[in-house]
K.L.:
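To start, I am sharing the structure in question, which I have written as structure tokens.
Here is the naming used below: chain letters follow the sequence lines, and residue numbers restart at 1 for every chain.
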Number of protein chains: 2
Amino acid sequence: MTKTSIGIVGGMGPAAGIDLSAKLVSQTLAANDQEHLPFVLFSFPDEIGDRSEYVQGKIKENPGLAIGAVLMKMEQAGAVVAGMACNTAHIPEIYDAVMEVLARNNSRLGVLHMIKEVGKFIRTNYPGKTRAGILGTSGTYFSGLYDILSENGLEVINVSEGEQEILHSAMYHPGYGIKSLPRGVSAKALDILHGTAGSLKRRGAEVLVFACTELSVLYGEHLLEGLPVVDSNMVLARALIHAFAPEKLRAWQPGT
Amino acid sequence: MTKTSIGIVGGMGPAAGIDLSAKLVSQTLAANDQEHLPFVLFSFPDEIGDRSEYVQGKIKENPGLAIGAVLMKMEQAGAVVAGMACNTAHIPEIYDAVMEVLARNNSRLGVLHMIKEVGKFIRTNYPGKTRAGILGTSGTYFSGLYDILSENGLEVINVSEGEQEILHSAMYHPGYGIKSLPRGVSAKALDILHGTAGSLKRRGAEVLVFACTELSVLYGEHLLEGLPVVDSNMVLARALIHAFAPEKLRAWQPGT
């Protein structure tokens, strides 16, 4: 039996965990099945409350508790390093609750921090660019989650609150939101995405961050309004490979 | 914590397990993340020998032993019903070894049989069609794995041994084979796929079965040479939902 593996907390939403898994595979150097890395994906969407709704006070229980429990189960199954396929789960209030569950259980699991990895990634791969425009949920926006990029000398560019509300709807609207469709993306959601990217560009953004895994899933392009796109799920996939088996990490090629 | 879940044995290859996971999600009736079904994907490609190579006598250890160990681990993590994202793993010699591991460990896990599910699926969804053309690996071909479809009153149509060798290369060739490419499918592999489908049609096939998950992954169409395609991974995804939470199964629509 495989003794150790990479762990992926999915279910936030389910497609995001699958997307992270697919990127883990696509970014691994392997000539056949057997050379690929061992991983487990735990997708328990029914147990983890909506992260944005928690931040907005619409639900009471901190989703971090359930995420922590999933990570513990994953560690029992052999995971030694893990990632959460959800930006909003990294908001301090949620992330800290996750870490407390692990500490209380004397976990030795290494949990990577998706947002910190994005900061390092931009620094390494776009050394000349310092202004990062953020495309994410309102939970991520109002929490200031991405302000942490300043640790890597990056300036965070956001849209206005009104524009953010519209961007959020492109992900969550029951009619045209990305989460509501079994696959594909509505023309309306795509319009909003382009409009928001254009606004960020006008505000000085030099690189765009897909700061919600719903975007990672559904928009495969690596350029938006002429700016390079950094996909948080792709960054996390590469960081997991690097942590588990650095020699297996493919050289970075935008658009792969 | 989620008490029970669906289990997916991936890693054969890794992309097939991810594809099965994605189909599990796309075939589930859910209006938001929380309504989706809990599942775990265990992808340990390094531990499971190549199924076709085992059937051909190129490797000695029965991959069923490792698959059985993965299923036991999955059951410990809460899985109550499971599927293996690999046709060749259902060859009796391998499948029986899997089942022996489970029996020896007093497992209560329900393992669905992908090929039997394909038979039931064709009977239900294509009631007027009785001749099924098989597109799969040489391991699947020489084992006669799909002859089991006769239990559902279906006649199995195969290509010649020479044509089968060419079809196998579309999956396994180190240069143009589907397994060798991180994503996408080579023009050569696609040509072979169409050529083989045409041959099966001339031999009387009324429906085609993608009997290798490599094909499930890379060819999204539901018609090939004018014949409806039954994707074994899609069938297994739907069978897993039906076994775990039948009320959550989407009505069948070809091409979804």
K.L.:
Counting only heavy atoms not in Glu35(B), do more than 12 fall under 6.0 Å of its CD?
P.N.:
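Above 12, so yes.
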K.L.:
Around Gln56(B), counting heavy atoms of other residues, nucleotides and ligands shown, do more than 12 lie under 6.0 Å from its CD?
P.N.:
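Enclosed.
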K.L.:
Report which part of Asp50(B) has an atom under 4.5 Å of a heavy atom belonging to chain A: side chain, backbone, both, or neither.
P.N.:
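Contact with chain A: backbone and side chain both.
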K.L.:
Nearest 0.5 Å, please: how far is CD in Glu47(A) from OG in Ser5(B)?
P.N.:
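It comes to 10.5 Å.
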K.L.:
Can you see which heavy atom on Pro14(B) is nearest to which on Asp33(A), and at what distance?
P.N.:
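Of all heavy-atom pairs spanning Pro14(B) and Asp33(A), the closest is CD-OD1, 4.0 Å.
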K.L.:
Name the region of Met12(B), side chain, backbone, both or neither, that has any atom closer than 4.5 Å to a heavy atom of chain A.
P.N.:
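Only the backbone of Met12(B) comes within 4.5 Å of chain A.
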K.L.:
Would the distance check show the side chain of Gln34(A) and the main-chain N or O of Ile48(B) forming a donor-acceptor pair, the cut-off being under 3.5 Å?
P.N.:
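Answer holds: yes.
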K.L.:
Is it the case that more than 12 heavy atoms not belonging to His173(A) sit under 6.0 Å from its NE2 atom?
P.N.:
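Yes.
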K.L.:
Is it the side chain or the backbone of Leu24(B) that comes within 4.5 Å of chain A heavy atoms, both, or neither?
P.N.:
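Neither part; nothing is under 4.5 Å.
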K.L.:
Sort Asn32(A) into side chain, backbone, both or neither according to what part of it lies under 4.5 angstrom from a heavy atom of chain B.
P.N.:
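Neither the backbone nor the side chain of Asn32(A) comes within 4.5 Å of chain B.
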K.L.:
Do the non-hydrogen side-chain atoms of Phe44(A) and Val40(B) ever get within less than 4.5 Å of each other?
P.N.:
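Yes. Closest side-chain heavy atoms under 4.5 Å.
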K.L.:
Taking all non-hydrogen atoms of both residues into account, name the closest pair between Pro45(A) and Pro38(B) and its distance.
P.N.:
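Heavy atoms of Pro45(A) and Pro38(B) come nearest at CD-CA, 4.2 Å.
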K.L.:
Can Asp46(B) and Lys3(A) be counted as an ion pair, charged N to O under 4.0 angstrom?
P.N.:
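So Asp46(B) does not pair with Lys3(A) through a salt bridge.
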K.L.:
Please report the interatomic distance CG(Leu41(B)) to CZ(Phe39(A)), rounded to the nearest 0.5 Å.
P.N.:
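The CZ atom of Phe39(A) is 4.5 Å from CG of Leu41(B), to the nearest 0.5 Å.
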K.L.:
Tell me, for Leu65(A) versus chain B, whether the close heavy atoms (under 4.5 Å) come from the side chain, the backbone, both or neither.
P.N.:
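Interface part for Leu65(A): neither.
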